[in-house]
Amino acid sequence: QVQLVESGGGLVQAGGSLRLSCAASGRTFSNYAMGWFRQAPGKEREFVAAISRTGGSTYYADSVKGRFTISKDNAKNMMYLQMNSLKPEDTAVYYCAASEAMGVRTSQIAYKYWGQGTQVSVSS
């Protein structure tokens with residue numbers, strides 16, 4: 001069992017930055033690939049970014065590529081999402097998730113553990 005808690009969300013103006021954090025507890029964090037997903041009002045939850053167990057491989061949705069950076073600190077049991085050049089369309093609840101799979105995974109079905117989410121709101 002892995003418990004995940006997100007933090008760092010908030011309200012920011014377009015063009016601004018936020019850094020989301022995901023704190024993990026329970027089993028060995030380095031055994032899990034991790035991902036960030038988001039759900040905007042009235043929309044399906046969608047993939048944002050993923051990182052491999054060691055942090056050596058990452059993958060991004062086209063909509064955030066070049067603006068967001070995912071990272072993982074296995075020594076601290078933490079994962080981060082640095083979000084720059086934020087746009088109003090980035091407004092959503094952001095979730096971190098843990099997967100027992102190897103490599104990076106973009107599909108939600110690959111993720112077994114989920115946090116409760118943190119709200120990110122970007123004003124125009």
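Within a 6.0 Å sphere centred on OH of Tyr59, other residues, nucleotides and ligands contribute 12 heavy atoms or fewer. Summarising the local packing, NZ of Lys43 is surrounded by 12 or fewer heavy atoms from other residues, nucleotides or ligands at distances under 6.0 Å.
The closest donor-acceptor contact from the side chain of Tyr32 to the backbone of Val2 lies at 3.5 Å or more, if one exists at all. Between the side chain of Thr54 and the backbone N or O of Gly56 there is at least one donor-acceptor pair closer than 3.5 Å. A distance-only check finds no donor-acceptor pair linking the side chain of Gln39 to the backbone of Val93 [under 3.5 Å]. Without hydrogens or angle criteria, Arg105 side chain to Met34 main chain gives no donor-acceptor distance under 3.5 Å. Thr91 places no side-chain N or O within 3.5 Å of a backbone atom of Ser121 that could act as its donor or acceptor partner. Side-chain N or O atoms of Arg38 include none that pairs as donor or acceptor with a backbone N or O of Ala92 at under 3.5 Å. With hydrogens and angles disregarded, a donor-acceptor distance shorter than 3.5 Å links the side chain of Glu6 to the backbone of Gln116. Distance alone, capped at 3.5 Å, is enough to place a donor-acceptor pair between the Ser99 side chain and the Ala110 backbone. In this structure, Asn77 contributes its side chain and Cys22 its backbone to no donor-acceptor pair below 3.5 Å.
Ring planes of Trp114 and Phe37: tilted class, angle from 30 to 60°.
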task: Go through Arg67 and Lys87 one step at a time and tell me if the side-chain contact (heavy atoms from CB on, under 4.5 Å) criterion holds.
output: CA-CA 10 Å; Arg67 300 188 297 122; Lys87 304 175 181 180; 3.8 Å; yes

query: Can Asp62 and Lys65 be said to form a salt bridge (Lys or Arg N to Asp or Glu O under 4.0 Å), step by step?
result: CA-CA 5 Å; Asp62 287 344; Lys65 199 173 295 181; 3.1 Å; yes

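When all heavy atoms are compared, the tightest approach of Gln82 to Ser17 is NE2-CB, 4.0 Å. Nearest heavy atom pair, residue Asp90 against residue Ser85, reads OD2-O, 4.5 Å. A pairwise comparison of heavy atoms in Tyr60 and Ile70 identifies OH-N, 2.9 Å as the closest pair. Between Leu4 and Ala98, the shortest heavy-atom contact is CD1-N, 3.7 Å. What you find for Val64 and Val48 is that their closest heavy atoms are CG2-O, 3.5 Å. Scanning all heavy atoms of the two residues, the minimum distance from Met79 to Ser71 falls at CG-O, 3.2 Å.
For the pair Lys72 and Phe29, the cation sits on the ring face: its NZ or CZ lies under 6.0 Å from the ring centre, inside 45° of the axis. The cationic group of Arg45 lies under 6.0 Å from the six-membered ring centre of Tyr95 and within 45° of the ring axis, placing it in a cation-pi geometry.
Going from atom CD1 of Ile51 over to atom OH of Tyr80 covers 11.5 Å, rounded to the nearest 0.5 Å.
Looking only at atom types and distance, the side chain of Arg27 has no donor-acceptor partner in the side chain of Gln1 under 3.5 Å away.
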